[in-house]
Amino acid sequence: MAGEFSFIEKLRQRAEGHASLTLGIGDDCSALQVPDGHELLTSTDLLLENVHFRLDWTNPHDLAHKAVSVNVSDLAAMGGRPLALYLGLGVPRSFGAGQLDLFVDGLFEGLADYAICLAGGDTCRSANGLVLAITVQGHCRIGQRVTRAGGRAGEDLWVSGTLGDSALCLRRLLARQSCSTALMARHFRPRARLALGQALAEEGLATAMLDLSDGLDGDLGHLLRASGVGARVNINQLPLSSDFRAHLARQPELIDLALCGGEDYELLFSANPQKRADLERLSQRMPLPLTCIGQLSAASGLQYLQADGSAYRPTAGAFDHFAD
Ligand code: ADP
Ligand code: MG
């Protein structure tokens, strides 16, 4: 790609250091130091044009910011503290210099938001579509990471923020309907719940945790399988934004977006019922709503209950890239 090296040089100049990053952009490898008594956390995500995003809908600035957020969200879900981000970038000819500049601005805004540094990457010309392959690394004290496997029967199931806003925004845009700025922000500018994840891990409040990227229904399924438990979720306790409630009042079937819609990037976690008061205090401190939506059970399977106690079945399933 013409200008590849000047592009990398621009990234190098803008990349801020981090006490733990002993060698940054510019050599064959970067070097990181993990604090004594901590372990390194690593997560990778692929974001492909026309699979995960459309450039005619998303501006390059928001796209880059969101790409950082969704990766940092995986660190949040383990209770990690951010260290470094690596950016694999495939740029098609159709993605011009102006768009690339906007992308880089959004990237560094995202990096600054989470105090994570750009420590390396790779840059190529893509034959077809914009390709983003992002790896993030963070650290946590040994013994404090929260996996998906620590949930036990009888524990409460909690979720942060509100559910379904991002999916509702996408649904309305696909149908060429108007969408409030609050819903648009949830879809195009999600925030990783980093401070919450750290507090839940470091204060020993969550027993199992993950971030909601594919929808509550599918992601909770992962937590249940890993923990070897089932769950009952009360539909009427799902945290919903005022915009979501307004749409739901006219179209009750939209509740399935809160259950199965993706890209909430909220944290779902289990906790001992004795921690309820601690979690209420944490919610006020963040400040971020934390809502108990149900309980883990010894009986396997996931059951949704309506206000009258009857069972509910969502019609849509979680998104599966390999589904036919
Ligand atoms: P190599 O040939 O060893 O892969 P490159 O010329 O691809 O080296 O990269 C030079 C330096 O620039 C490396 O430190 C690499 O991590 C960094 N780099 C390349 N592309 C990116 C990118 N998109 N984002 C961040 N750093 C990058
Ligand atoms: Mg390279």
Side-chain angles (χ1 to χ4, degrees), residues 1-35 39-55 58-76 78 80-139 188-192 194 213 265:
M1 181 169 75
E4 174 191 337
F5 297 105
S6 64
F7 173 69
I8 294 173
E9 179 53 23
K10 258 199 273 186
L11 294 181
R12 191 189 67 75
Q13 284 174 10
R14 284 185 68 171
E16 282 175 38
H18 189 295
S20 305
L21 186 72
T22 48
L23 186 62
I25 291 175
D27 219 307
D28 295 311
C29 290
S30 63
L32 269 179
Q33 235 171 2
V34 181
E39 60 185 346
L40 189 65
L41 303 168
T42 306
S43 172
T44 295
D45 260 324
L46 263 182
L47 286 170
L48 306 178
E49 183 177 347
N50 297 329
V51 176
H52 299 96
F53 61 88
R54 286 177 53 167
L55 280 173
T58 308
N59 68 63
H61 187 284
D62 282 353
L63 173 66
H65 191 277
K66 180 169 176 174
V68 173
S69 292
V70 306
N71 276 272
V72 170
S73 180
D74 285 317
L75 290 178
M78 301 293 285
R81 292 184 174 262
L83 276 176
L85 183 143
Y86 305 82
L87 171 66
L89 196 57
V91 187
R93 273 184 202 288
S94 55
F95 199 73
Q99 286 174 295
L100 203 52
D101 284 344
L102 289 172
F103 181 88
V104 171
D105 286 345
L107 173 73
F108 282 99
E109 196 180 296
L111 293 165
D113 280 353
Y114 303 110
I116 189 165
C117 59
L118 186 65
D122 203 17
T123 307
C124 295
R125 176 65 80 204
S126 159
N128 212 328
L130 184 66
V131 176
L132 307 175
I134 297 186
T135 298
V136 284
Q137 290 183 314
H139 64 96
F188 290 106
R189 307 274 302 203
R191 301 282 317 195
L194 197 54
S213 53
Y265 298 108

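What you see is a predicted model; the values in this text were computed from it and never measured. First listed ligand is number 1; within each ligand, the first listed atom is number 1.
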*Relative to atom 4 (O) of ligand 1, which among Ile8, Leu118, Asp122 owns the nearest non-hydrogen atom?*
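The residue whose heavy atom sits nearest atom 4 (O) of ligand 1 is Asp122.
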Quick check on [X]: does its [atom1] atom have over 12 non-hydrogen neighbours (other residues, nucleotides or ligands) under 6.0 Å away?
| X | atom1 | result |
| --- | --- | --- |
| Glu16 | CD | no |
| Gln33 | CD | no |
| Asn50 | CG | yes |

Sub-4.5 Å side-chain heavy-atom contact between [X] and [Y]:
| X | Y | result |
| --- | --- | --- |
| Tyr114 | Leu85 | no |
| Leu40 | Leu83 | yes |
| Lys10 | Val104 | no |
| Glu39 | Val34 | no |

Identify, by atom number and element, the atoms of ligand 1 in contact range of [X], meaning under 4.0 Å from any of its heavy atoms.
| X | value |
| --- | --- |
| Ile25 | 12 (O), 14 (O), 17 (C), 25 (C), 26 (N) |
| Leu11 | 22 (C), 23 (N), 24 (N), 25 (C) |
| Phe5 | 6 (O) |
| Gly120 | 16 (O), 24 (N), 25 (C), 26 (N), 27 (C) |
| Asp28 | 3 (O) |

Would one find an N or O of [X], backbone or side chain, under 3.5 Å from an N or O of ligand 1?
| X | answer |
| --- | --- |
| Leu87 | yes |
| Gly26 | yes |
| Thr123 | yes |
| Gly121 | yes |

*Nearest 0.5 Å, what's the CD-CG distance between Gln137 and Leu75?*
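It is 9.0 Å, given to the nearest 0.5 Å.
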*Could you see which bit of Asp27 sits under 4.0 Å from ligand 1, with heavy atoms only: side chain, backbone, both or neither?*
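Asp27 to ligand 1: backbone contact only, side chain stays beyond 4.0 Å.
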